[in-house]
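Comments concern the structure below.
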Amino acid sequence: QVQLVESGGGLVQPGGSLTLSCVISGSIFSINVIAWYRQAPEKQRELVASMTSSSETYYADSVKGRFTISRDRAKKTAYLKINDLKTEDTAVYYCNIDVRVRVSDETSRHWGQGTQVTVSS
């Protein structure tokens with residue numbers, strides 16, 4: 001089965017930086033999109049960054065200039081570098097991938113369990 005495991009979250013002060021990791025395991029024919037979402041208390045889960053198989057990226061307006069999504073194909077790991085953390089960034093961050101497990105399959109989406117990022121002074 002496809003599994004995603006996020007790590008790297010924690011408690012940091014405003015202005016600090018974090019790098020979140022998402023380790024992807026399982027047999028996958030191709031990855032179409034890698035994305036990071038976050039869900040803050042009492043808010044809907046929102047897309048903050050994504051990357052296509054051709055390395056085209058998208059960032060939500062609220063994180064542009066501070067967040068960077070990247071991928072290491074050899075390590076099967078996606079990253080989200082976060083700079084200049086703000087209290088508004090406090091949320092559970094989730095990795096999400098859109099993949100084709102087998103060449104004959106339809107695409108499917110998979111989620112990790114999330115990693116907590118808390119920004120507080």
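- In this structure the side chain of Thr19 never reaches within 4.5 angstrom of the side chain of Ser17, judged on heavy atoms.
- There is a path of hydrophobic side-chain contacts, each under 4.5 Å, that joins Val119 to Val48.
- The shortest distance between side-chain heavy atoms of Ile28 and Val101 does not fall below 4.5 Å.
- Between Leu4 and Cys22 the shortest heavy-atom distance is CB-SG, 4.0 Å.
- Contact detail for Met51 and Ile69: the closest heavy-atom pair is CE-O, 3.4 Å.
- You'll find the side chain of Gln116 reaches within 4.5 Å of the side chain of Thr90, heavy atoms only.
- Of the inter-residue distances, the one linking Ser21 atom OG with Lys81 atom NZ reads 11.0 Å to the nearest 0.5 angstrom.
- Across Ala49 and Leu80, no two heavy atoms sit closer than the pair CB-CD1, 4.1 Å.
- A donor-acceptor pair shorter than 3.5 Å can be found between the side chains of Thr52 and Ser54.
- Heavy-atom minimum distance, Asn32 versus Arg100: ND2-N, 4.2 Å.
- Taking the side chain as every heavy atom from C-beta outward, Trp36 and Leu20 approach each other to under 4.5 Å.
- Under the 4.5 Å side-chain heavy-atom criterion for Ile, Leu, Val, Met, Phe, Trp and Tyr, Tyr37 and Phe67 are members of distinct hydrophobic clusters.
- In this structure, the side chains of Cys95 and Trp111 stay at 4.5 Å or more apart for every pair of heavy atoms.
- Between Ser108 and Val99 the shortest side-chain heavy-atom distance falls below 4.5 Å.
- The salt bridge (charged side-chain N to carboxylate O under 4.0 Å, His left out) pairs that include a residue from residues 28-46 are Arg38-Glu46, Arg38-Asp89, where partners are two or more places apart or lie in different chains.
- Once rounded to the nearest 0.5 Å, the distance linking OG1 of Thr57 with CZ of Arg71 reads 13.5 Å.
- Tyr94 is listed as a side-chain neighbour of Gln39, based on a closest heavy-atom distance under 4.5 Å.
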